[in-house]
Number of protein chains: 2
Amino acid sequence: MQGMIEKVFEALASTPRRRILAYLAHSELTAGQIAERFAMSKSAISQHLNVLENAGLVRSEKRGQFVHYAIVQENLATTLNSYLQQVCPVSRPLMAESRAIAETKAKG
Amino acid sequence: MQGMIEKVFEALASTPRRRILAYLAHSELTAGQIAERFAMSKSAISQHLNVLENAGLVRSEKRGQFVHYAIVQENLATTLNSYLQQVCPVSRPLMAESRAIAETKAKG
DNA sequence: TCAGTATTTAAGTGATCGCTTAATTCATTT
DNA sequence: AAATGAATTAAGCGATCACTTAAATACTGA
């Protein structure tokens with residue numbers, strides 16, 4: 001496993017990791033807040049977060065005692081869309097959407 | 001692993017399987033034709049094709065001695081797109097636009 | 001029917017994954 | 001400094017994955 005696409009699909013292959021991303025979709029959360037929602041040790045969550053961060057799907061920032069995690073929507077959207085475009089040209093409309101997200105984020 | 005989304009992401013987690021999909025993007029191929037392109041046994045390719053078919057990403061049809069495989073673009077596109085919508089809510093307002101583009105393409 | 005080709009299925013094996021508990025690091029509070 | 005709390009890192013273990021080779025199945029043509 002080396003490239004960005006590989007890392008992203010590897011990260012998304014896990015149901016707990018996709019659920020973590022879903023939780024982060026609406027707001028930034030600390031590692032502990034995420035862990036609270038899962039029937040799984042904090043350690044396990046930390047390991048999942050590491051995989052997600054390594055794939056560029058989340059970013060983390062330590063503030064005092066807490067580590068805050070946030071989704072990196074742009075990377076998820078552009079990776080999936082570019083793969084989709086590569087494999088099924090039918091999906092071209094998604095590109096416009098992806099571009100629009102990128103522009104929205106750049107301005108805001 | 002049960003739902004469709006799980007199966008799709010599980011299938012896409014493998015680099016050889018993504019390469020198989022890429023090969024099938026341009027034309028239908030037999031199992032043997034796919035296997036020729038990989039430094040891997042026919043058996044392994046058959047197993048990968050089984051995973052992809054089980055995820056609804058390819059369909060197969062036996063004609064005489066050969067089994068022809070084809071990509072199911074729609075399932076790939078709609079699965080990734082719907083997941084993206086779920087996780088990147090920013091993109092939701094743009095769906096109407098996306099749909100409009102798709103409809104324009106369908107008509108023209 | 002027999003031989004040859006295409007493909008799948010079965011069985012086995014090493015590598016990786018996903019978790020656990022325990023130990024560690026870092027920040028805060030007293 | 002000592003104790004507490006948040007989070008990561010380390011070590012280990014069972015389960016699953018991704019291959020392999022060998023056997024089975026199915027079709028074709030002499």
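First the proteins, then the strands, lettered A, B, ... as listed; each starts at 1.
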**Student:** Measure from the side chain of A:Glu10, starting at C-beta and using heavy atoms only, and say which of C:dC17, C:dC19, D:dC17 lies closest.
**Tutor:** C:dC17

**Student:** By nearest nucleotide on DNA chain C, pick out whichever of A:Gly64 and A:Val51 is the more 5' one.
**Tutor:**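 The 5'-side residue here is A:Val51.
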
**Student:** Check if the side chain of B:Gln47 and the base of C:dT7 share a donor-acceptor pair of N or O atoms closer than 3.5 Å.
**Tutor:**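 Side chain to base: no pair present.
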
**Student:** Rounded to the Å, how far apart are B:Ile20 CD1 and C:dT7 P?
**Tutor:** 13 Å

**Student:** B:Lys62 has an atom NZ; how far is it from atom P of C:dT8, in whole Å?
**Tutor:**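 Nearest whole value for this atom pair: 8 Å.
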
**Student:** Report yes or no: is there a donor-acceptor pair, N or O only, under 3.5 Å between the side chain of B:Gln65 and the base of D:dT28?
**Tutor:** no

**Student:** Shortest non-hydrogen contact from A:Arg63 to A:Glu28?
**Tutor:** NH2-OE2, 2.6 Å

**Student:** Under a plain distance cut-off of 3.5 Å, with no hydrogens placed, do A:Gln86 and A:Ser82 share a side-chain donor-acceptor pair?
**Tutor:**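 Result is no, nothing qualifies.
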
**Student:** Starting at CZ of B:Phe38 and ending at C1' of D:dC19, how long is that distance when rounded to a whole Å?
**Tutor:** 14 Å

**Student:** Could you state the CZ-P distance from A:Phe66 to C:dT29, rounded to the nearest angstrom?
**Tutor:** 10 Å

**Student:** If the plane angle is over 60° it's perpendicular, under 30° parallel, otherwise tilted; pick one for B:Tyr83 and B:Phe9.
**Tutor:**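 Ring orientation of B:Tyr83 relative to B:Phe9: perpendicular.
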
**Student:** Does the separation of the ring centres of B:Tyr69 and B:Tyr23 fall below 6.0 angstrom?
**Tutor:** no

**Student:** Please figure out whether B:Ser46 or A:Arg17 has its closest DNA chain C nucleotide nearer the 5' end.
**Tutor:** B:Ser46

**Student:** Heavy atoms only, 4.0 Å cut-off, all strands: where does A:Thr30 land among base, sugar-phosphate and nothing?
**Tutor:** sugar-phosphate

**Student:** What is the separation between atom NE2 on B:His48 and atom P on D:dC19, rounded to the nearest whole Å?
**Tutor:**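 Value for this atom pair: 4 Å.
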
**Student:** Using whole Å, report how far CD of B:Glu53 lies from C1' of C:dT9.
**Tutor:**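 Going from CD in B:Glu53 over to C1' in C:dT9 covers 15 Å.
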
**Student:** Look at the side chain of A:Ala31 and decide which nucleotide, out of C:dT28, D:dA7, D:dA11, has an atom nearest to it.
**Tutor:**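 From the listed options, D:dA7 comes nearest.
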
**Student:** What's the closest nucleotide to the side chain of A:Pro16 if the choices are C:dC19, C:dT8, D:dA6?
**Tutor:** C:dC19

**Student:** Hey, does the side-chain of B:Ser43 have a donor or acceptor N/O within less than 3.5 Å of a partner on the base of C:dT9?
**Tutor:** yes

**Student:** Please give, in whole Å, the distance from C:dT7 P to B:Ile45 CD1?
**Tutor:** 12 Å

**Student:** Determine: side-chain N/O of B:Tyr69 to OP1/OP2 of C:dT8, distance under 4.0 Å, yes or no.
**Tutor:**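 It does, given that an N or O in the side chain of B:Tyr69 lies less than 4.0 Å from OP1 or OP2 of C:dT8.
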
**Student:** Nearest whole angstrom, please: distance from the P of C:dT7 to the CD of B:Glu36.
**Tutor:** 9 Å

**Student:** Among the candidates D:dA6, C:dT9, C:dA6, find the nucleotide nearest to the side-chain atoms of A:Lys42.
**Tutor:**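 Comparing D:dA6, C:dT9, C:dA6 against the side chain of A:Lys42, the answer is D:dA6.
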
**Student:** Which heavy atom of A:Asn75 sits nearest to which heavy atom of A:Ala55, and what is that distance?
**Tutor:**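 Smallest heavy-atom distance, with atoms named: ND2-O, 3.3 Å.
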
